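What follows is a set of notes on a single structure, which appears directly below.
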Amino acid sequence: MSYTFLQHYWWFLISLLGAQLVFLLFVQGANTLIFELGKTPDERRLVINSTGRKWEFTFTTLVTFGGAFFAAFPLFYSTSFGGAYWLWMIILFSFVIQAVSYEFQNKLGNFLGARTFQVCLIINGIVGPLLLGGAVATFFDGSNFIVDKANVTALSQPVISHWANASCGLDALLDPWNVVLGVAVLFLARILGLLYMRNNIDDPTLRERCRRKLLPNTVAFLVFFLAFFVRLLVKDGYAYDAGTGVVSMVSGKYLSNLLTLWPLAIVLLIGVAALLYGILRTWLKADYASGIWPAGIGTVLVVLVLFLIAGWNTTAYYPSNADLQSSLTIVNSSSSLFTLKTMFYVSLLIPFVLAYIAYCWHAMDHKKLTVEEVKDEESEAY
């Protein structure tokens with residue numbers, strides 16, 4: 001196994017984790033709909049308990065996503081998670097609020113009331129997808145950081161990378177295109193949340209409300225996502241010379257990546273078709289409740305391709321707007337050959353982990369959620 005192969009292999013695994021994370025944001029998307037779908041306390045508890053069965057998967061995937069970056073591309077981890085401190089802390093804090101809100105909203109002695117914690121779930125449902133989408137957009141639009149590896153020998157302050165301003169990552173929200181992708185991810189999460197609850201809840205009234213809300217959320221998603229994607233294909237991209245490592249701007253770089261790596265273009269089209277099929281069939285057929293599966297697979301495929309064209313084919317996946325040559329690539333930011341090779345063998349256990357997740361998912365969802373189960377004091381419902 002060559003060093004180059006391992007760098008591309010680990011970027012693929014991180015991209016796959018990122019794609020799965022976007023799919024699992026259906027938990028956050030559904031939570032934004034608590035009061036839109038739930039007109040009574042029992043209906044709101046149905047919505048919350050539907051997503052409450054899966055929130056650990058989303059949070060664990062987010063942590064694993066960051067951990068994989070730390071292990072495979074540590075310079076990105078130190079630059080982004082260390083430099084864009086406030087952006088990532090707000091994201092993580094919103095997920096902590098989510099965990100607390102699930103556990104405490106119906107506990108005895110909750111003097112704040114269940115509604116307070118339900119509002120906190122909505123805050124996480126908006127903030128999480130919006131900021132994660134914005135953070136992903138910086139892979140294409142750049143961030144303001146500087147990398148100087150010579151600083152590692154400085155005794156007073158051996159810091160390799162630092163943010164170029166005092167915003168600590170919040171400046172990403174000043175780029176409207178980052179916000180556009182963030183809003184697109186938010187509406188995608190709401191779509192997936194609607195599809196999941198329609199599949200998971202045994203309540204005809206709620207399931208019909210989910211179906212009716214699909215169309216406006218889908219239209220909003222397509223407006224924002226297509227605007228970002230079309231602009232991505234025509235904008236200048238960040239490329240690096242494989243021999244010298246020098247980074248330069250290249251016209252139509254991301255479109256070129258899709259054409260050069262043409263199998264990815266096919267995967268992208270399949271993903272788009274699967275996503276739209278899951279949405280449209282659910283909207284058109286009142287008795288169809290399995291749209292989450294084609295839509296979920298389509299989401300994973302589309303996001304996977306976006307990550308891959310951001311890092312493969314000599315592309316700088318984390319561009320620097322402050323200093324172009326500080327931009328990070330899978331070559332200049334990766335761990336050592338020994339580390340990547342050792343982790344390669346560990347990664348062979350991933351299929352077993354996925355099989356266990358599938359087993360747990362089936363165990364929790366093989367029976368549809370009902371009002372009677374939520375109201376049963378012995379069911380440990382939220």
Side-chain angles (χ1 to χ4, degrees), residues 15 18-33 36-37 125-141 173 175-199 208-235 254-255 257-258 264-286 288-310:
S15 300
Q20 291 174 336
L21 175 59
V22 173
F23 162 63
L24 289 170
L25 288 176
F26 71 78
V27 173
Q28 279 61 42
N31 284 344
T32 65
L33 298 158
E36 293 181 53
L37 295 176
I126 296 173
V127 171
L130 182 65
L131 294 189
L132 281 171
V136 171
T138 62
F139 284 17
F140 303 100
D141 295 323
L173 301 178
D175 187 329
W177 289 108
N178 292 346
V179 177
V180 165
L181 184 60
V183 174
V185 172
L186 173 59
F187 279 108
L188 175 61
R190 285 168 62 92
I191 292 168
L192 296 173
L194 291 167
L195 293 173
Y196 174 75
M197 287 187 290
R198 185 167 167 79
N199 177 260
E208 179 58 23
R209 287 178 192 159
C210 289
R211 189 178 73 88
R212 289 202 307 264
K213 286 191 173 292
L214 267 178
L215 184 60
N217 282 280
T218 300
V219 171
F221 163 69
L222 289 175
V223 168
F224 284 96
F225 179 74
L226 290 177
F228 179 86
F229 186 68
V230 170
R231 183 249 182 184
L232 177 67
L233 295 181
V234 300
K235 75 182 291 288
Y254 301 107
L255 175 60
N257 285 356
L258 276 177
L264 294 185
I266 296 175
V267 172
L268 178 68
L269 293 175
I270 293 173
V272 170
L275 174 59
L276 293 178
Y277 172 81
I279 295 171
L280 291 176
R281 185 174 179 186
T282 301
W283 181 59
L284 293 173
K285 295 181 67 66
Y288 182 68
S290 300
I292 182 62
W293 303 120
I297 292 171
T299 296
V300 171
L301 293 179
V302 170
V303 178
L304 174 64
V305 170
L306 289 179
F307 269 100
L308 292 179
I309 64 172

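Here the structure is a predicted model, which means the values were calculated and not measured.
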Subject >> side chain to side chain donor-acceptor pair (under 3.5 Å) pairs, two or more places apart, involving residues 264-277 >> reply: Y277-R281
Original post:
What residue pairs, at least two apart or across chains, pass side chain to side chain donor-acceptor pair (under 3.5 Å) with a residue in residues 218-230?
Top reply: none
Got a sec, which residues hit side-chain contact (heavy atoms from CB on, under 4.5 Å) with [X], two or more places apart in sequence or on another chain?
X    : value
V305 : L258, L264, V267, L268, I309
A137 : D141, N178, L181, F228
V300 : L16, A19, F23
L269 : none

Determine the minimum heavy-atom distance between [X] and [Y], stating which atoms define it.
X    : Y    : value
A310 : Y254 : CA-CE2, 4.4 Å
C210 : L37  : SG-CD1, 3.8 Å
S15  : L308 : OG-CD2, 3.6 Å

Subject >> Residues forming a side chain to side chain donor-acceptor pair (under 3.5 Å) with N217, sequence neighbours excluded >> reply: R190
**OP:** Please list, chain by chain and in numerical order, all residues satisfying ring pair (Phe, Tyr, Trp, His ring centres under 6.0 Å) with F229, sequence neighbours excluded.
**Re:** F225
Original post:
For L33 and L194, what are the C-alpha separation, side-chain angles and deciding distance, and is it a side chain to side chain contact (heavy atoms under 4.5 Å, CB included)?
Top reply: CA-CA 8 Å; L33 298 158; L194 291 167; 3.4 Å; yes
Check whether any side-chain heavy atom of [X] sits under 4.5 Å from a side-chain heavy atom of [Y], and report yes or no.
X    : Y    : answer
I292 : T282 : no
L214 : R198 : no
V234 : L255 : no
L25  : L192 : no

**OP:** For V185 and L130, run side chain to side chain contact (heavy atoms under 4.5 Å, CB included): C-alpha distance rounded to whole Å, both residues' side-chain angles, the deciding distance at 0.1 Å, then the answer.
**Re:** CA-CA 7 Å; V185 172; L130 182 65; over 6 Å; no
Original post:
For residues 176-196, which residue pairs qualify under ring-ring contact (aromatic ring centres under 6.0 Å, His included), counting only residues two or more places apart or in two chains?
Top reply: F26-Y196
Original post:
L301 and side-chain contact (heavy atoms from CB on, under 4.5 Å): which partner among L275, I266, I270, L306?
Top reply: I270
Would you compute the distance between atom [atom1] of [X] and atom [atom2] of [Y] and round it to the nearest 0.5 angstrom?
X    : Y    : atom1 : atom2 : value
L226 : L232 : CG    : CG    : 12.0 Å
L186 : L132 : CG    : CG    : 11.0 Å
Y288 : L280 : OH    : CG    : 11.0 Å
L21  : T299 : CG    : OG1   : 12.0 Å
L222 : I279 : CG    : CD1   : 7.0 Å

Subject >> Sequence neighbours excluded, every pair satisfying salt bridge (charged side-chain N to carboxylate O under 4.0 Å, His left out) that has a member inside residues 23-33 >> reply: none
**OP:** Kindly state each residue pair satisfying salt bridge (charged side-chain N to carboxylate O under 4.0 Å, His left out) with at least one member in residues 213-229, sequence neighbours excluded.
**Re:** E36-K213
